[in-house]
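A quick write-up on the structure given underneath.
Just so it is clear: chains get the letters A, B, ... in the order the sequence lines come, proteins before strands, and each one is counted from 1. The shown structure was predicted, so the numbers you read here are calculated from the model rather than taken from an experiment.
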Amino acid sequence: MNFVSSIVLVDIALLAMLGVVAVAIIRLKSLFAIVMLSGVYSLVSATWFVAMDAVDVAFTEAAVGAGISTALMLGAMLLTARRVKTPDKAGARRWGPFLAVFATGGLLIFASTDLPAFGDPNSPANSYVGKDYIERTPSEVGPPNIVTAVLASYRGFDTFGETVVIFAAGVAVALLIGFGERALAFSGQRSVTPEPVSPDDHHMVLRVVSKLLIPLIALYAFYVQFHGDYGPGGGFQAGVIFAVAVILNALIFGLSETMDAVPAGAARAGAAFGVLLYGGVGVVNLLNGGAFLDYDYLFETPAPGSYDPHHWGQHFGILLVELGVLATVASTMIVIFYAFAGRAPEIRDEDW
Amino acid sequence: MSWFAEYLWAPAALADHAAALIVAAPLIAAAAVAMAPNGRFAWVMTLATAGFCFWMALSLAGDIGRDGLVSYALGGWAPPMGIEFRADALNAMILLLIGMIAVLACIFSLPAVEREVRAEKRPLFYSAFLICLAGLLGMTITGDAFNLFVFLEISSISTYVLVALGASRDRRALPSAFNYLIMGTIGATFFVIGVGFLYAATGTLNMADIAARIAVMEENRAVHAGFAFIVVGLGLKAAMYPLHQWLPGAYAYAPSFVTVFLSATATKAAFYALVRFLFSVFNPQTFPFAETLLVWVLAPLAGIAIVACSFQAAFQTDVRRILAYSSVAQVGYMLLGVATGTALGLSAGMFHLLNHSLMKGALFMAIGGAALYAPCSKLTDLAGAGKKAPWTMSAFAVAGLSLIGFPLTAGFLSKWRLLEASLDVGWMWAVAIIGLASVLAAIYVGRVLEAAFFREAPEGGPDIREAPLLVLAPLWTLAIMNIWFGIDSSLPLGLAQAGADAVFSGVYALTGSAP
Amino acid sequence: MPDYVLSHYNYWVVIVLMMVGLYIVFESGNLIKRLVGLSIFQTSVFLLYISLGKVAGGTAPILIGGGHGGDKSHGGDESHGAEGAHAVEAVDAHAGGHGGAHDAAHGAEHAAEILYSNPLPHVLILTAIVVGVATLSVGLAISVRIREAYGSVENDEIRAADISLGEAEETAA
Amino acid sequence: MADIAAFFAHWAEPLRVWLGTALALAGGVLVTIGAVGVLRFPDFYTRLHAASVTDTMGATLLLLGMALLAGWSLVTFKLALIWMFLFLTSPTASHAAANAAHTAGLEPIVGRWRGDDKSEDGA
Amino acid sequence: MLIAAAVAVVVSMALMLARAIMGPTLYDRVLAVNSFGTKTVLLMGLLGFLTGRPDFLDIALLYALINFVATIAILKFFRYRSFQIPLSGRGVGGSDG
């Protein structure tokens, strides 16, 4: 079986599913169903990314879009609402969106007629800078995973910015809904163990299994981290996985217990540390006489004309930078989860 | 241009990397500030960082004054492969503006933030401010289209939360911030779509490289659509009429320090990016459709913005909303200048941009200062404020006159130059609109001044007091600039002129490397 | 014409998805649903970018053969740099020898002939995904605060609450 | 002994590939049957039954097939891990969903099924 | 022949999706989405073999993990209406789902 055509088949099937999911979301009123389907949407697009050879993207989308986003939306729903209300008035509200959307769509279709054919290896996008990266990475940076090389070295400043975006999200959520400090107060109020809802409400299997799994997940996070040079993965994905381990712990063993083990303050420090580490690598390069984030200058100023076949500077630069990303992403995700999970519902906004 | 160099001297080691440091320093400092033990300490660090950024901006401006262009390859990777920071005189002007406003706003922030933000949140608040500052500086200096998106989002995300923090005073800050988030994200995503189309057509993300490559593609529909998406996306961020709906709410309900900083910088950075794409990436001389867009879309929109939003401002009862609507109208002025498509018009628009930052910064700062001890911004609340807080409100009056365009103020000169630019291309309607809008400005500023100076304070009104020195110092710095530049406009006009000349002489373009 | 459709259908589907996402944002009055629409819109834009970077017959941009994609001396080695290649080993590969695990599903091909998909859109979209989740979390945090302040996350009800508040203030003044 | 070794060397490789493919195919068929059941069965509890039973077995077969195809490498290990996760998830999820539905008061259809189940999304 | 297995998995995904969209109860959706996730994991694995690079199973592995955590999160969402309380065999809160 010709695998190119099989990929086309999968491509069409997945795109069709995406369309069905998206249209279904328009009609649905149950927020829970909407959130579930948006998770499905992310998941299907992640699968599609795999079919399109974008394994790193698929990795991130599966972890972030299908995992973290869904968890956050569920957490937010606990604090807000569970159904969408039907608006009283229609009319103008109906047609405005239609017009805006169709204008946008029309412009997009207009543009698409001049886009290069799908899969064209000679399109400008695939033949200029993109191709250069593939050809030059082995001799200039080193890692087999070109996405890692581009992400951390060629376009390292983008990634620095991206780390800061995540950090900013953590700062924003902490400023808006706190660090989950209310969880501690909440559990303090309920020091008496509450009555079980029903006799079959026990989860011994889950507890035992999770206890086994959580260290394994953390280990897997480090595998993804250090394997990022050779396969899909890297700091972001590893950070998310690490956060998932903590989130699982919180879900099974309780939030305040988890906050004793991984305090919010430590997570905050971790997030800041990641940004400082990333920026610090850049500053070290500056001090050694290179440009900001030029990892060739990580250890010393290279002699003019010298060539390091091992790319030690690049290698360790990428390693350190990805560690910074790991620290920030993992810590920020934990902070955000604490913030949402730790906010007791229906508390009026008396502070500030 | 040599008059730049004498301003401040930075050691070569710093000056060589000023382009990277001006963005990296606040990013790194933001992380450090988030760990600061208390608000005071965080404030000192923030002020130091803002000062450092201003210093680097001066140093960069000096370099640009000497060489015309600064290009910095991040990571040591030559441009199309790596990210480039590329700055000519136009960038230099905006960087200087943002740096200066950041320092002044930061001084103002100490008393303001202590009133409006809870103690344990202050370090994080300053951290968010620094992230926002870094985002704006990054947007201004970067020469890479996708990197621009990253910085756009850095500044946006921190802006959303800074606006939402106004909820401690008025809960309407929250829906405003949410609307801003939705609109801003749609705008940023439109920008990404546009960049995607340009990338599909050219295979590169470096703005100068894109410019060189699309110069031979004036018929490519993907390029046309990409252009449209970029203009809409950046227009949303720059509050270009009719994409400005997020602005009044966001400015009216944000904490006063945030409003001061944002009103003077945020839309300006986005406006710069818009100008950069309009003139340096899509050159109207090679792209007939770019010129069509300028004359037939942007110019009328600018005219409508000026009139409609001035009217709306005249009917508001809340001073901060008056000023917010006036901001949209002022963006219209800048756009009008830019839409003429001439060097004169561009310099007029940029000159007005500088002046508008000075006056809006001062106006919002004065309102924030006067209402420091009693959060209020209704017109009726301000009755008699001129007597209770003479220094604060007279600074407001100075900046207000500048906003109207009163002779001997900076606002007068920039409006004058806009008139010249309009006459130069024969737009009589623009002259009429500027005249009409000045009358409207006189009305809405006059309403505030009338309330503040010619009405008696009501019994039991809000506790308006003279602002402390930390407010008055930056406030009067701005107010004096408004007068100074109204008398001797050589500095701001020189900056604007240099920026416009740089754009039109194609300093930004790649030299000798046509594809 | 069929050729044209076959080479562009991807873009059109993606465009329809973007329109649906955008429509949800505009149409819905529920803040959470709007955020869902926003993330669908953004995800669809990601699909557009990845479509641009796909090379027909290409494979994921992870060099086969431990780091020397263009080097024929161990092109036939065909190991996934992934397996068994610890950092030290990979460095050895630069020097020459490389003994990784073998790949049964794949015949020996010359590394030089392997087509890779374009890595640049992947990098950009990685960044954009992260930016998207950051925006989403801030948006959710704001809607939680809105719920606490207004008791609702429906646009209409929030507006109504503000209008009634505004009127109350007007009459009081 | 040498005979046996040669025999294995000769047959093991194609056998492995064929067996792997066949197992994967069987898994695929099983999964599809389960999905049809989930779509066609009248109420939640019967659907749950269809999904949980076939999911676990189908996934096991598919993963086993893939493991055979991959040969002995890190891939096998990862497949084993995936299997472990799925094996844990499916029953847990089914249990959790059934438990939640039951406590929420969703009644199973007992006796003859007549027409569509019209219960709405309970929030 | 692997492609046939992949097609079977895709078909079952489509059927599950139909159930997830149709509902009619929330529990049907949970069931369908969870099962959909399982199938996606399998499809990702098969895609690895189809494209000849099975070493990208990490994605499937990751999603299997996420699916596990998501299931627990949904369980807590329904049964406890909170992410705070430990799953100690004793729960609190509403039982109306």
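Between chain B and the options A:Asp158, A:Val171, A:Val165, heavy-atom pairs under 4.5 Å are most frequent for A:Asp158. Note on A:Leu287, A:Val150, A:Val275, A:Leu286: by heavy-atom pairs under 4.5 Å with chain B, the leading option is A:Leu286. Between chain B and the options A:Asn126, A:Thr163, A:Leu108, heavy-atom pairs under 4.5 Å are most frequent for A:Leu108. Heavy-atom pairs under 4.5 Å with chain B were tallied for A:Asp294, A:Leu293, A:Asp114; the largest tally goes to A:Asp114. With respect to chain A, the highest number of heavy-atom pairs below 4.5 Å among B:Thr202, B:Val33, B:Val23 belongs to B:Thr202. The candidate from A:Glu162, A:Lys131, A:Glu140 with the greatest count of non-hydrogen atom pairs under 4.5 Å with chain B is A:Glu140. Chain A forms more heavy-atom pairs under 4.5 Å with one residue of B:Tyr160, B:Phe151, B:Phe125, B:Phe229 than with any other, namely B:Phe229. Across B:Arg169, B:Arg221, B:Glu153, B:His224, the residue that shares the most heavy-atom pairs under 4.5 angstrom with chain A is B:Arg221.
With a 4.5 Å cut-off on non-hydrogen atoms, A:Ser153 touches chain B through its backbone and its side chain both. Of the atoms belonging to B:Leu21, it is side-chain heavy atoms, and not backbone ones, that fall under 4.5 Å from chain A. Using a 4.5 Å cut-off between heavy atoms, B:Phe190 touches chain A through its side chain atoms alone. In this structure, chain A has heavy atoms under 4.5 Å from both the backbone and the side chain of B:Leu74. Using a 4.5 Å cut-off between heavy atoms, B:Ala200 touches chain A through backbone and side chain atoms alike. Within the 4.5 angstrom heavy-atom criterion, only backbone atoms of B:Ala73 (N, CA, C, O) approach chain A. Of the atoms belonging to B:Pro123, it is side-chain heavy atoms, and not backbone ones, that fall under 4.5 Å from chain A. Heavy-atom distances place the side chain of A:Val283, and not its backbone, under 4.5 Å from chain B. Residue contact with chain B, scored on non-hydrogen atoms closer than 4.5 Å, involves the backbone and the side chain of A:Thr104 alike. Proximity to chain B (any heavy atom under 4.5 Å) is shown, for A:Asp132, by both the backbone and the side chain. Of the atoms belonging to A:Phe160, it is side-chain heavy atoms, and not backbone ones, that fall under 4.5 Å from chain B.
Ring geometry, B:Phe85 versus A:Phe157: the interplanar angle exceeds 60°, so the pair is classed perpendicular (tilted spans 30 to 60°).
Of the inter-residue distances, the one linking A:Leu276 atom CG with B:Ile28 atom CD1 reads 7.5 Å to the nearest 0.5 angstrom. Rounding to the nearest 0.5 angstrom, the gap separating the CZ atom in A:Arg268 from the CE atom in B:Met35 is 6.0 Å. Atom-to-atom distance recorded for A:Leu175:CG and B:Arg118:CZ is 10.0 Å, nearest 0.5 angstrom. Separation of atoms CG (A:Leu176) and CG (B:Leu165) is listed at 6.0 Å; rounding is to 0.5 Å. The CG atom of B:Asp144 sits 4.0 Å away from the CZ atom of A:Arg155 when rounded to the nearest 0.5 Å. A distance of 7.5 Å separates CZ in B:Phe197 from CG in A:Leu107, rounded to the nearest 0.5 Å.
Across all their heavy atoms, B:Pro80 and A:Tyr133 have their closest contact at O-OH, 4.1 Å. Annotation for B:Gly75 and A:Ala291: closest pair N-CB, 4.2 Å, computed over non-hydrogen atoms. Here the closest non-hydrogen pair linking B:Ile157 and A:Ala168 is CG2-CB, 4.2 Å. Between B:Ser127 and A:Phe167, the closest heavy-atom pair is OG-CE2, 3.7 Å.
Under the 3.5 Å distance criterion, the side-chain polar atoms of B:Tyr72 are matched with a main-chain donor or acceptor of A:Phe292.
Cation-pi geometry between B:Arg213 and A:Tyr128 is met: the NZ or CZ atom falls under 6.0 Å from the ring centre, inside 45° of the normal.
B:Phe289 CZ: more than 12 foreign heavy atoms inside a 6.0 Å radius.
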